[in-house]
Amino acid sequence: MKIIKSLRTAPPTAWFGFVVVTIYLIVAIFAPLIAPYGEREIVGDEYVAWDSQFIFGTDALGRDMFTRLVFGARNTVGIAFVTTVLAFVVGAVFGLLAAVVGGWLDQLLSRTVDVLMAIPSLIFKLLLLTIFGTSVVNMVLIIALIDSTRVYRLARSVAMNIVVMDYIEAARLRGERLPRLIIREILPNAMAPLVAEFGLRFCFVFLAISALSFLGLGIQPPTADWGSMVRENASLISFGDITPLLPAAAIALLTVAVNFIVDWMLHRASGLKD
Amino acid sequence: MGSVWKMVAHRLGLGLLTMFVISILIFGAIELLPGDLAEEILGQSATPETVAAFRKEIGLDKPPVTRYVEWLGNVVQGNLGRSLANGREISELIGSRLPNTLFLALYATVLAVPIALTLGILAALYRNTLFDRLINITTLTSISFPEFFLAYLLIFFLAQTGLFPSMSNIGPKMGLSGKIYNTFLPALTLTFVVTAHMMRMTRAAIVNLLASPYIEMAKLKGVSPLWVIVRHALPNAFAPIINVVALNLAYLITGVVVVEVVFVYPGLGQLMVDSVSKRDITVVQAVSLIFACAYILLNLTADVLSTLSNPRLIHKR
């Protein structure tokens with residue numbers, strides 16, 4: 001109820017964000033029903049122009065662009081979501097633990113994170129991908145690991161401010177155990193910044209996956225994925241065809257939408273009124 | 001005066017330490033492999049003899065610490081070893097590309113910093129107006145765009161019409177004006193990416209200060225709004241602005257990777273991507289080390305500069 005009430009006061013940008021995200025979700029969930037052809041099905045000649053049969057034409061192998069765009073929503077967004085959840089769980093759990101337990105555990109974790117964060121993240125990801133080899137599973141794990149350091153930082157600093165409060169002291173004196181202390185006492189008060197961070201993190205992870213796939217190092221063909229679709233069809237641009245821009249625009253639109261929502265949430269959480 | 005230099009020296013020391021730890025990390029990452037590098041590269045079908053011979057060739061038969069010390073000693077002397085893929089000297093591969101990447105990053109910086117500062121100041125001046133909101137939405141949008149989308153948009157709108165070349169062929173013999181013309185689109189892409197962030201931070205830093213009593217005093221004595229910001233607010237906003245400028249330049253270093261690939265620009269990023277797909281680990285290590293050092297150096301510079309821009313730290317009582 002509270003959410004619906006606050007939604008009513010949300011600015012148009014946030015509304016736009018919610019509508020776009022909902023549409024993406026629907027497309028991703030019902031992809032096979034929406035797409036006219038199969039994900040990897042070759043249905044016509046190469047690079048057919050836009051017409052009534054193939055709404056956005058076909059790609060370099062004669063697969064329907066529209067179909068692959070629809071399935072891309074499922075693959076690209078799905079993989080990005082799983083990666084974000086992974087990064088988030090790892091980062092948040094360790095961040096909260098470090099703040100609550102403190103002492104050597106905090107020192108150990110924080111210094112490790114400092115070192116991992118000192119290398120530019122794309123470069124670090126490329127280095128690890130070279131060592132472990134390029135595959136989707138490796139990519140997901142590597143991005144999750146590196147992005148979890150950023151989540152850790154935030155979770156720790158948020159929890160640090162909560163841990164010193166009196167009610168935590170009381171909970172400790174009452175003899176609450178660590179898991180309950182974290183889940184029941186600290187987490188509810190740390191939720192607002194963490195949820196906003198989740199949205200932001202999703203954007204970063206999503207862009208990172210798209211960039212890696214675009215470079216040919218992420219999600220591999222024949223899986224329909226927006227990043228690699230741009231790469232495969234990029235040569236069309238020099239002929240004045242905007243088809244390769246469509247998957248890129250799909251990526252951009254979703255990140256913009258999520259950013260608008262996060263912007264509004266942060267604005268609301270900070271208590272600013274304009 | 002003494003304490004601030006002590007602080008700077010302290011920061012420099014920390015920076016050196018970070019570089020050392022990172023060199024260990026970049027070198028040691030290979031040790032994370034379940035087997036070792038030789039097995040991994042030669043694959044399952046290799047005979048034990050070939051694996052042993054290859055190990056000896058790249059020095060894997062020695063203990064890791066010895067190898068690390070040897071590697072670091074060579075790197076410090078500028079000898080980065082040989083590429084695993086084609087046996088060429090890495091320093092030779094990098095030598096021609098590093099200046100290209102630096103040129104591109106510098107080019108984007110020269111474009112981005114003045115634009116970002118001007119827009120940031122204007123947005124702070126006209127805050128909460130339509131202009132400010134428009135800038136806010138545009139920058140938020142351009143931050144969320146993947147770099148390759150911006151790059152292809154620029155190609156579509158500017159290279160299609162024949163205004164600028166979409167491939168940045170640059171050679172050592174090319175004059176500066178030709179270079180600037182040929183690399184305009186990649187530089188513009190990078191400018192778009194970093195300007196947004198820098199501008200938002202400039203605006204935020206200034207707006208934060210506008211609530212201070214001394215700003216109100218300036219307003220009350222009749223100073224014009226522009227002058228209040230430029231003369232009174234800006235000097236105190238320098239520290240965060242320097243920080244965000246340096247952070248974005250550091251970001252440029254990684255941003256170039258994707259942009260270089262789009263525009264087929266002969267720089268370090270392109271080399272890195274090629275080497276990753278070939279699993280040419282020695283080259284990737286060398287390039288990562290260069291990128292990481294540049295990143296740390298920029299952060300260090302930001303730290304020192306923002307310390308020096310704060311009179312309260314320089315004239316400590």
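The chains referred to below are lettered A, B, ... by the order of the sequence lines, with proteins before strands, and numbering in each begins at 1. Every value quoted in this text rests on a predicted model; they were computed, and no experiment measured them.
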### Task
Counting only heavy atoms closer than 4.5 Å, note whether B:Val261 contacts chain A via side chain, backbone, both or neither.
side chain
### Message
Counting only non-hydrogen atoms closer than 4.5 Å, does A:Thr13 touch chain B with its backbone (N, CA, C, O), its side chain (CB onward), both, or neither?
### Response
side chain
### Task
Select one option (side chain, backbone, both, neither) describing which atoms of B:Asn299 are under 4.5 Å from chain A's heavy atoms.
neither
### Message
Report which part of A:Ala257 has an atom under 4.5 Å of a heavy atom belonging to chain B: side chain, backbone, both, or neither.
### Response
neither
#### Entry: A:Asp114 versus chain B, the contacting section by heavy-atom distance below 4.5 Å
neither
### Query
So what's closer than 4.5 Å to chain A heavy atoms on B:Phe291: side chain, backbone, both or neither?
both
## Note on the structure
Looking only at heavy atoms, the pair that brings B:Arg279 and A:Thr130 closest together is NE-O, 2.9 Å
#### Entry: Interface moiety of B:Tyr152 toward chain A, non-hydrogen atoms closer than 4.5 Å
both
### Message
Would the distance check show the side chain of A:Thr255 and the main-chain N or O of B:Ser144 forming a donor-acceptor pair, the cut-off being under 3.5 Å?
### Response
yes
### Query
More than 12 heavy atoms of other residues, nucleotides or ligands under 6.0 Å from CZ of A:Phe88: is that the case?
yes
### Contact check, side chains of B:Ile26 and A:Phe124, non-hydrogen atoms, under 4.5 Å
no
### Summary
Looking only at heavy atoms, the pair that brings B:Met272 and A:Leu126 closest together is CE-CB, 3.5 Å
### Query
Is the closest side-chain heavy-atom distance between B:Phe156 and A:Ile242 below 4.5 Å?
yes
